[in-house]
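Got a structure for you, questions after.
Chain letters run A, B, ... following the sequence lines, proteins first and then strands; every chain starts at 1.
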Protein chains: 2
Amino acid sequence: MPNNQFKRGELYSFITGKASTAIARRLQKKFNAAGLNITIEQWSVLYHLWKQEGISQQELCNATFRDKPSITRLVDNLEKLNLVKRVASESDRRINMIYLTKQAQKLQEDTMALAEETLNEALETVPADKVDICKEVLQIVYDNLK
Amino acid sequence: MPNNQFKRGELYSFITGKASTAIARRLQKKFNAAGLNITIEQWSVLYHLWKQEGISQQELCNATFRDKPSITRLVDNLEKLNLVKRVASESDRRINMIYLTKQAQKLQEDTMALAEETLNEALETVPADKVDICKEVLQIVYDNLK
DNA sequence: TTTGAATAGTTGCACAAACAACTATATGCC
DNA sequence: GGCATATAGTTGTTTGTGCAACTATTCAAA
């Protein structure tokens with residue numbers, strides 16, 4: 001058995017994701033304090049659209065590691081907030097291309113700054129080489145299970 | 001700036017907790033496949049009650065890193081499933097002491113085995129010393145933000 | 001001892017996730 | 001061309017989360 005060295009408390013933390021939950025909550029509070037009326041989940045969709053917009057909902061599913069109903073409803077809510085719009089594809093009418101509004105483009109800089117700030121607070125006092133190893137392990141975990 | 005070395009994809013993963021989400025999903029599937037009719041969140045409450053039962057809902061809040069309404073509803077659902085029962089404290093009538101049923105006691109062995117199995121799959125190919133560093137970093141992150 | 005603050009728990013609301021079942025469109029094979 | 005199958009997206013249901021507002025009980029200080 002390769003890694004059967006789990007003590008109980010640690011097993012619990014790994015499964016429940018205490019650390020990432022804490023990071024997400026802190027970031028959400030920063031959004032709220034800044035008067036940015038979006039959720040972390042909505043931000044995670046915008047995050048990928050800032051990298052490339054005009055992608056399909058299915059591509060958003062893959063990018064955000066969510067299923068199709070989740071993306072449908074996140075896009076619904078982002079549309080209500082006037083942050084994205086669905087545009088039916090000309091070549092394949094099953095597909096919605098998702099585009100950012102000007103309002104959403106304005107959000108990028110502020111929210112990314114708050115995200116970096118949050119991670120800096122989270123990783124304060126952690127040496128950079130340990131952070132690297134941690135990122136590496138989490139990536140392998142994801143690849144092992146996806 | 002201590003740890004401002006985030007590349008974008010990594011920032012995203014840290015905040016969204018891709019790895020822990022993947023672990024939780026895998027474990028949920030194992031529960032379902034084994035015919036164990038409980039959610040990961042319900043399991044996380046039972047997990048602490050197996051260590052010590054007869055604790056208050058507030059103590060469950062602290063242990064599971066959830067707020068009071070979340071615990072109220074998780075205990076509601078666990079009670080519907082006949083896995084726990086609320087017992088009003090004699091000394092302080094505001095407090096519910098939460099006790100396990102026999103049915104819940106039977107669940108411990110099987111679910112813990114599936115949880116360990118899941119973590120072994122997740123951490124296959126990861127050297128033990130890197131796992132230790134990862135656990136350490138995640139603990140510091142949690143302590144920095146809580 | 002009474003009154004105000006703190007604590008334990010519950011309820012309502014909005015948002016999100018997982019699953020199953022559904023519609024609409026496209027594709028490929030005969 | 002026509003039908004089976006795959007793909008893109010939507011909807012309904014159950015469960016969970018976070019926040020605010022609420023009730024009940026306890027505690028502490030005037």
- [ ] Identify whether any heavy atom of A/L74 sits under 4.0 Å from a base atom; if not, whether one sits that close to sugar-phosphate; answer base, sugar-phosphate or nothing.
- [x] sugar-phosphate

Task: Contact nearer the 5' end of DNA chain C, comparing B/S56 with B/T21 - done: B/S56

- [ ] Look at the side-chain N and O atoms of B/K29 and state whether any lies under 4.0 Å from the OP1 or OP2 oxygen of C/dA18.
- [x] no

Open item on the list: Tell me if a side-chain donor or acceptor on B/W50 pairs with a main-chain N or O of B/A104 at a distance below 3.5 Å.
Closed with: yes

- [ ] Would you classify A/D92 as touching base, sugar-phosphate or nothing, given that sugar-phosphate means primed atoms plus P, OP1 and OP2, and contacts are heavy atoms under 4.0 Å?
- [x] sugar-phosphate

TODO: Rounded to the nearest angstrom, tell me the gap between atom CD1 in A/I98 and atom P in D/dG9.
DONE: 7 Å

TODO: Would you tell me if any nitrogen or oxygen in the side chain of B/R93 comes within less than 4.0 Å of OP1 or OP2 on C/dT7?
DONE: no

Task: Side-chain N or O of A/Q28 closer than 4.0 Å to phosphate OP1/OP2 of C/dC15 - done: no

Open item on the list: Donor-acceptor pair, distance only, cut-off 3.5 Å: does the side chain of A/E121 make one with the backbone of B/V141?
Closed with: no

Task: Distance under 6.0 Å and angle within 45° of ring axis: A/K18 vs B/F65 - done: no

TODO: Please determine if a side-chain N or O atom of A/N96 lies less than 4.0 Å away from the OP1 or OP2 oxygen of D/dT10.
DONE: yes

- [ ] State whether B/R66 places a side-chain N or O below 4.0 Å from either non-bridging phosphate oxygen (OP1 or OP2) of D/dT17.
- [x] yes

Task: B/E90 or B/I71, whichever maps to the more 5' nucleotide of DNA chain D - done: B/I71

Task: A/L27 CG to A/T111 OG1 distance, which is reported to the nearest 0.5 Å - done: 8.0 Å

Task: Any N/O donor-acceptor pair, B/R73 side-chain to C/dG12 base, under 3.5 Å - done: yes

Open item on the list: Can a donor-acceptor pair be found, under 3.5 Å and without considering hydrogens, that links the side chain of B/E79 to the backbone of B/R86?
Closed with: yes

Task: From D/dG18, C/dC15, D/dT26, nucleotide with atom closest to A/Q42 side chain - done: C/dC15

- [ ] Name the closest nucleotide to the A/P69 side chain, picking from D/dT10, D/dA8, D/dG18.
- [x] D/dT10

Open item on the list: Measuring to OP1 and OP2 of C/dA16, would you say a side-chain N or O of A/N77 lies under 4.0 angstrom away?
Closed with: yes

Open item on the list: Can you see if the side chain of B/T72 gets near the phosphate of C/dT11 - specifically, an N or O under 4.0 Å from OP1 or OP2?
Closed with: no

Task: Toward the 5' end of DNA chain C, by each residue's nearest nucleotide, B/N32 or B/R86 - done: B/R86

- [ ] Could you check how far CD1 of A/I40 sits from P of D/dC19, rounded to whole Å?
- [x] 11 Å

Task: Options C/dT25, D/dT26, D/dT10, nucleotide nearest the side-chain atoms of A/Q57 - done: D/dT10

TODO: Check every atom of D/dG9, D/dG16, C/dA20 against the side chain of A/Q58 and return the nucleotide holding the closest atom.
DONE: D/dG9

TODO: Could you please name the option among C/dT10, D/dG16, C/dA17 that lies closest to any side-chain atom of B/K68?
DONE: C/dT10

